[in-house]
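Heads up: the structure comes next, in structure tokens.
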Amino acid sequence: DAGVTQSPTHLIKTRGQQVTLRCSPKSGHDTVSWYQQALGQGPQFIFQYYEEEERQRGNFPDRFSGHQFPNYSSELNVNALLLGDSALYLCASSSLRSSNEKLFFGSGTQLSVL
Amino acid sequence: QQQVKQSPQSLIVQKGGISIINCAYENTAFDYFPWYQQFPGKGPALLIAIRPDVSEKKEGRFTISFNKSAKQFSLHIMDSQPGDSATYFCAASLNDNNDMRFGAGTRLTVKP
């Protein structure tokens with residue numbers, strides 16, 4: 001049983017560009033959350049998707065947007081990239097129907113903005 | 001946005017010793033307090049979690065102590081092993097897996 005898978009693992013972009021990161025949740029999970037982890041810091045919540053809708057959002061600008069597909073996979077899009085967007089982007093999946101389910105994290109996408 | 005403060009930033013412990021990491025939170029509405037372990041190049045993995053209706057939870061060598069009145073909780077790793085060397089994050093949330101607020105992390109090194 002594959003856990004949470006993210007692609008790509010690494011990405012290099014330049015300022016002003018746009019980027020799309022992808023995530024497939026753990027089998028049986030219906031909810032996907034995205035986190036940004038800056039170097040030496042804890043993850044910060046970006047937003048959460050359930051039933052193809054943004055259910056909750058953290059303190060991130062509108063440049064950060066997302067999508068969830070009918071198969072529960074998800075994308076994170078970041079527009080007009082800034083140097084400060086360089087970070088590890090983590091996807092986590094869980095089951096809203098089963099509150100006892102753990103939050104499972106993928107290994108992340110390391111984004112470098114030059 | 002950070003509502004969870006974690007200390008120390010780094011910790012060095014001898015093999016067989018006890019590792020203790022502390023966290024303090026601000027929002028009294030938090031009702032779920034997990035600890036995550038993260039190895040380099042990997043995402044965080046849930047280690048152990050507690051809810052505010054109990055003061056202690058133990059799973060193997062890992063124990064969470066929870067002090068609701070002080071708004072503090074801590075992770076104790078007994079008989080620390082070199083394989084425990086990793087970064088540990090405390091976290092808190094209002095509703096299980098929603099909008100988890102993480103501490104800044106503690107880098108634990110267990111010397112053989």
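Note on naming: letters A, B, ... go to the chains in the order of the sequence lines (proteins, then strands), and numbering restarts at 1 for each one. A quick note: this is a predicted structure, and the numbers were derived from the prediction, not measured.
No path of Ile, Leu, Val, Met, Phe, Trp and Tyr side chains, each step under 4.5 Å between heavy atoms, connects B:M78 with B:V13, placing them in separate hydrophobic clusters. A:L114 and A:Y89 fall into different hydrophobic clusters, where Ile, Leu, Val, Met, Phe, Trp and Tyr residues are linked whenever their side-chain heavy atoms come under 4.5 Å apart, directly or through other members.
Between atom CZ of residue A:F105 and atom OH of residue B:Y36 there is a gap of 5.0 Å, rounded to the nearest 0.5 Å. Rounded to the nearest 0.5 Å, atoms CG (A:N59) and CG (B:D99) are 10.5 Å apart.
Around atom CZ of A:R15, no more than 12 heavy atoms belonging to other residues, nucleotides or ligands sit under 6.0 Å away. Other residues, nucleotides and ligands contribute more than 12 heavy atoms inside 6.0 Å of the CD atom of B:E59. Within a 6.0 Å radius of CG in A:L83, other residues, nucleotides and ligands contribute more than 12 heavy atoms.
Contacts between A:R55 and chain B at a heavy-atom distance below 4.5 Å involve the side chain alone, from C-beta outward. Contact of B:Q9 with chain A is not made at all, since no heavy-atom distance falls under 4.5 Å.
Taking 4.5 Å as the limit, some side-chain heavy atom of B:M100 sits within range of a side-chain heavy atom of A:L103. Looking at heavy atoms from C-beta onward, A:L88 lies in side-chain contact with B:Q38 at the 4.5 angstrom threshold.
Cluster note: B:F39 groups with no other residue, as no ILVMFWY side-chain heavy atom lies under 4.5 Å from it. Hydrophobic cluster of B:I12: no remaining members, since no ILVMFWY side chain lies below 4.5 Å from it.
When all heavy atoms of A:L90 and B:P44 are compared, the closest pair comes out as CD1-CD, 3.7 Å. Shown here for A:Q37 and B:F89, the closest heavy-atom pair between the two residues is NE2-CZ, 3.2 Å.
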Kindly indicate, with the supporting measurements, whether the criterion ring pair (Phe, Tyr, Trp, His ring centres under 6.0 Å) is fulfilled by B:F102 and A:F45.
-> CA-CA 9 Å; B:F102 285 81; A:F45 176 74; over 10 Å; no
